[in-house]
Protein chains: 4
Amino acid sequence: MAPRTEQQFEEIRESKKALILDKALELFATEGYYPTSISKIAEKAGISKGLIYNYFESKEDIIITIIHKGLDDLFRIFDPNKDGVLTKDEIRFFIEQMFDIMRKDLHFWKLYFMIFMQPPVLKLVEKKFMELIQASLNMLTNHFMSEGYDDPQTEAILLGALLDGTGFHYVMNPENFPVERIKERIIKMYC
Amino acid sequence: MAPRTEQQFEEIRESKKALILDKALELFATEGYYPTSISKIAEKAGISKGLIYNYFESKEDIIITIIHKGLDDLFRIFDPNKDGVLTKDEIRFFIEQMFDIMRKDLHFWKLYFMIFMQPPVLKLVEKKFMELIQASLNMLTNHFMSEGYDDPQTEAILLGALLDGTGFHYVMNPENFPVERIKERIIKMYC
Amino acid sequence: MAPRTEQQFEEIRESKKALILDKALELFATEGYYPTSISKIAEKAGISKGLIYNYFESKEDIIITIIHKGLDDLFRIFDPNKDGVLTKDEIRFFIEQMFDIMRKDLHFWKLYFMIFMQPPVLKLVEKKFMELIQASLNMLTNHFMSEGYDDPQTEAILLGALLDGTGFHYVMNPENFPVERIKERIIKMYC
Amino acid sequence: MAPRTEQQFEEIRESKKALILDKALELFATEGYYPTSISKIAEKAGISKGLIYNYFESKEDIIITIIHKGLDDLFRIFDPNKDGVLTKDEIRFFIEQMFDIMRKDLHFWKLYFMIFMQPPVLKLVEKKFMELIQASLNMLTNHFMSEGYDDPQTEAILLGALLDGTGFHYVMNPENFPVERIKERIIKMYC
DNA sequence: TATGAATGAGACTTCATTCAT
DNA sequence: TATGAATGAAGTCTCATTCAT
């Protein structure tokens, strides 16, 4: 019989890779990175342990891939038109959307906060992470500067911390978090 | 030499136990819980691996002890006169002191944030944790209610998130955090 | 296009088989038998892993084939007219040629010496190997007997060891081996 | 109960380490390096797999230790008074003794020849190996020079190859090797 | 109290081989 | 004939915990 075409292989590869990443993300987020073994990921994905190494070099490679992909997505959301400038509307939009975005991808967001507090995991993605955070802070600072704030940098750090703090609490316990009222309260503060 | 008295033994026990907890906290905070082996703790404490099991039942027991002790301390700080009521002055005092407190015990505070994001670790101390958080939120809510806020609960959650968020960023990178300006900014908001 | 004839298929088969054997030999000789994976052989031969199993039953089958083929070639060199009798001229010829022969096929000769020292590999080809060695020793013994040596068998064993020893050193480090002078020296001893 | 003294621990360590090295050498020599698993070594030594890692860093560490120790012993035998100079008597003595020495330590000598032909294993000990070989060749060359040979270097290489070749055959099949007659024959050549 | 040798379960990873296409 | 995804056994190694002294 004729062998599969290149494209067929590519499709298999892509879908299987996505499956592994998906199950790994779920397990990392619910059980933690270290307690999640390659075996568990394989089991959850319904494949053999060995196959995972056909797609990823190591367990580290899996989490790095997940985080890099997630951070790219995140950055796209934070500055949709990619101009490096935040308008008041973009901030309002971001605050209004962020909890929805988080809810849709709860696992990633758990992982997002998890990363900070796992020294060896943080080290794996530190560079990309710090770049992203710095870029966000700079954009917020510039925004507050153009809005005429007294101390735009402090304000940017404060807003950053507030968003992280609320995001964190939301992700930890989404059912009992008063999303709408928190949204309004933050928007009232800044817009 | 006279044999040691019962009390002397007890003192040795206590100081050794404290030593182990201290070194374990340091390692957990800097390297993470899972990557820190019992051997490393023993080495850092200058004792043998086996001895650790003379004082603690397991690795889990160590981290549980550390966290419980830390949470008790934390609670004492948050409500110094233990009356369950927060005055405006207590809040101002807390905000003014919290970064100093954190700086003095940076390792614990790293661990504090770490706990949330390590599901198996969180599970170990979940009950005590949730009680503390709920108690704090209730006190803040009551405070804002007595201050005549429209939506005291949302305000309490927001302040909680803000304190967590700023605390988190401070602990992550204390050198570059504008402590004084952030303090003032928060106090201006709430006092 | 006209369909390939049976014979054309056969030719493709043979040339592909030879390609696999060639690349496998190279890798076995330079990297060792165990560290060489089927994947590496396939990659080096520019074919897929699976195809190798179309031509060979197993990794063992590959090395057995290589060694058997090599031993057949070797035997042809050692006794060109296949009469089972070695003349003084044939010995001189063999000594004069052996280093050239080795240089042309360095990989096989590395493998030749490697075989002895890899018990599981040796076991695979032991029978053929021992037959060859015994036959060679017998021919040498007969030769020395006809030359009137006191102890022809010892002399045969000694020459065998000398040829193995010099061959071994040559193969290990062909650049720094004084081939010509060694040749002359051995010929002076025996011819 | 009082813990073991430092010396008691030292004794345990030394004897257990020797046991592991002994069993590992035996298996490496009879089964080969790669086919010998840590499990097999542990089983043969009657201990647990994990314990081996209490004494050695890795499987590589084990073979390196064995080979380095063996080479040190070998060098002591080859130049007993360690003066870097070989007399005719020392050579005669070496030739007379070498097969006895080999018989007593057959496993090591199999390993000795094995090393050359396992590229990754050779790499582990290459430096020490090459130094030893060069030193031996230099001593032999100096010897033949002082004996007035025409081409002392070639003679040294030839004797080296002869000793390796006979040693190799002896180790491969000690029962059927005419040790005494080979000894005499070599001594007749050189002394 | 104190030591560190010893265990054993389980982690990550590799790779010869099979198989659907 | 040809491909490479998929398997599963086995290998190396780690580490919390136990135990004899």
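Excluded from the calculations below are hydrogen atoms, water molecules and symmetry mates; all remaining heavy atoms, backbone and side chain alike, are included. We name chains A, B, ... by the order of the sequence lines, and we start the count at 1 in each one.
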Assess whether atom CD of A:E43 is packed by more than 12 heavy atoms of other residues, nucleotides or ligands within 6.0 Å.
->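 For A:E43, atom CD is not crowded (no more than 12 foreign heavy atoms under 6.0 Å).
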Measure from the ring center of A:F116 to the ring center of A:F129 and say whether it is less than 6.0 Å.
->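 For A:F116 and A:F129, the ring centres are under 6.0 Å apart.
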May I ask you to check if C:K59 and C:Y33 form a cation-pi contact, with NZ or CZ under 6.0 angstrom from the six-membered ring centre and within 45° of the axis?
->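 So C:K59 does make the cation-pi contact.
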Check whether NZ of the Lys or CZ of the Arg C:K69 lies under 6.0 Å from the centre of the six-membered ring of C:F108 and within 45 degrees of that ring's axis.
->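 Geometry flag: not set, cation outside 6.0 Å or 45°.
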Rounded interatomic separation in angstrom, taking [atom1] from [X] and [atom2] from [N]:
X	N	atom1	atom2	value
D:I41	F:dC13	CD1	P	10 Å
A:E14	F:dA5	CD	P	11 Å
D:E10	E:dT3	CD	P	17 Å
B:E31	F:dC15	CD	P	12 Å
A:K40	E:dC12	NZ	C1'	14 Å
A:Y33	E:dA11	OH	P	14 Å
B:L19	E:dT1	CG	P	15 Å
D:I62	F:dC13	CD1	P	9 Å

Report the nucleotide, chosen from [options], that has the shortest atom-to-atom distance to any side-chain atom of [X].
X	options	answer
A:S48	F:dG8, F:dT12, F:dT1	F:dG8
C:R13	F:dT17, F:dT1, E:dT21	F:dT1
A:F9	E:dT13, F:dT3, E:dA6	F:dT3
C:L51	F:dT1, F:dA5, E:dA5	F:dT1

With sugar-phosphate meaning primed atoms plus P, OP1 and OP2, does [X] contact a base, only sugar-phosphate, or nothing at under 4.0 Å between heavy atoms?
X	answer
D:S58	sugar-phosphate
A:Y34	nothing
D:K59	sugar-phosphate
D:I12	sugar-phosphate
D:I47	sugar-phosphate
B:Y55	sugar-phosphate
D:S37	sugar-phosphate
A:S15	nothing

Identify, between B:K16 and D:I52, the residue whose nearest nucleotide on DNA chain E lies closer to the 5' end.
->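 Its nearest nucleotide lies further toward 5', so the answer is B:K16.
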By nearest nucleotide on DNA chain E, pick out whichever of B:G46 and A:G50 is the more 5' one.
->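 Between the two, 5'-proximity favours B:G46.
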Is a donor-acceptor pair below 3.5 Å formed from side chain D:K49 to base E:dG10, judging by atom type as modelled?
->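 For D:K49, whose side chain was compared with the base of E:dG10, there is a donor-acceptor pair (under 3.5 Å).
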Using Watson-Crick or G-U wobble geometry with both distances below 3.5 Å, tell me the partner of F:dT14, or none.
->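 Answer to the pairing question: E:dA9, which forms a Watson-Crick or G-U pair with F:dT14.
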Does E:dT21 pair with anything, Watson-Crick or G-U wobble, both distances under 3.5 Å, and if so, with which nucleotide?
->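 WC or wobble partner is F:dA2.
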At under 4.0 Å, does any side-chain N or O of A:Y53 touch on OP1 or OP2 of E:dT14?
->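 No, A:Y53 has no side-chain N/O under 4.0 Å of OP1/OP2 on E:dT14.
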Within the pair C:N54 and F:dT1, is there a side-chain N or O less than 4.0 Å away from OP1 or OP2?
->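 For F:dT1, OP1/OP2 do have a side-chain N/O of C:N54 under 4.0 Å.
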Any side-chain heavy atom of C:M114 sitting closer than 4.5 Å to one from C:L111?
->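 Yes. Closest side-chain heavy atoms under 4.5 Å.
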Could you pick out which residue, B:E60 or D:I38, lies toward the 5' side of DNA chain F when each is mapped onto its nearest nucleotide?
->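 Counting from the 5' end, the first nearest nucleotide belongs to D:I38.
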Working for side-chain contact (heavy atoms from CB on, under 4.5 Å), residues B:L21 and B:F56 = CA-CA 10 Å; B:L21 289 174; B:F56 297 94; 3.5 Å; yes
Closest contact, heavy atoms only, C:T65 versus C:D61 |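 Looks like OG1-O, 2.7 Å.
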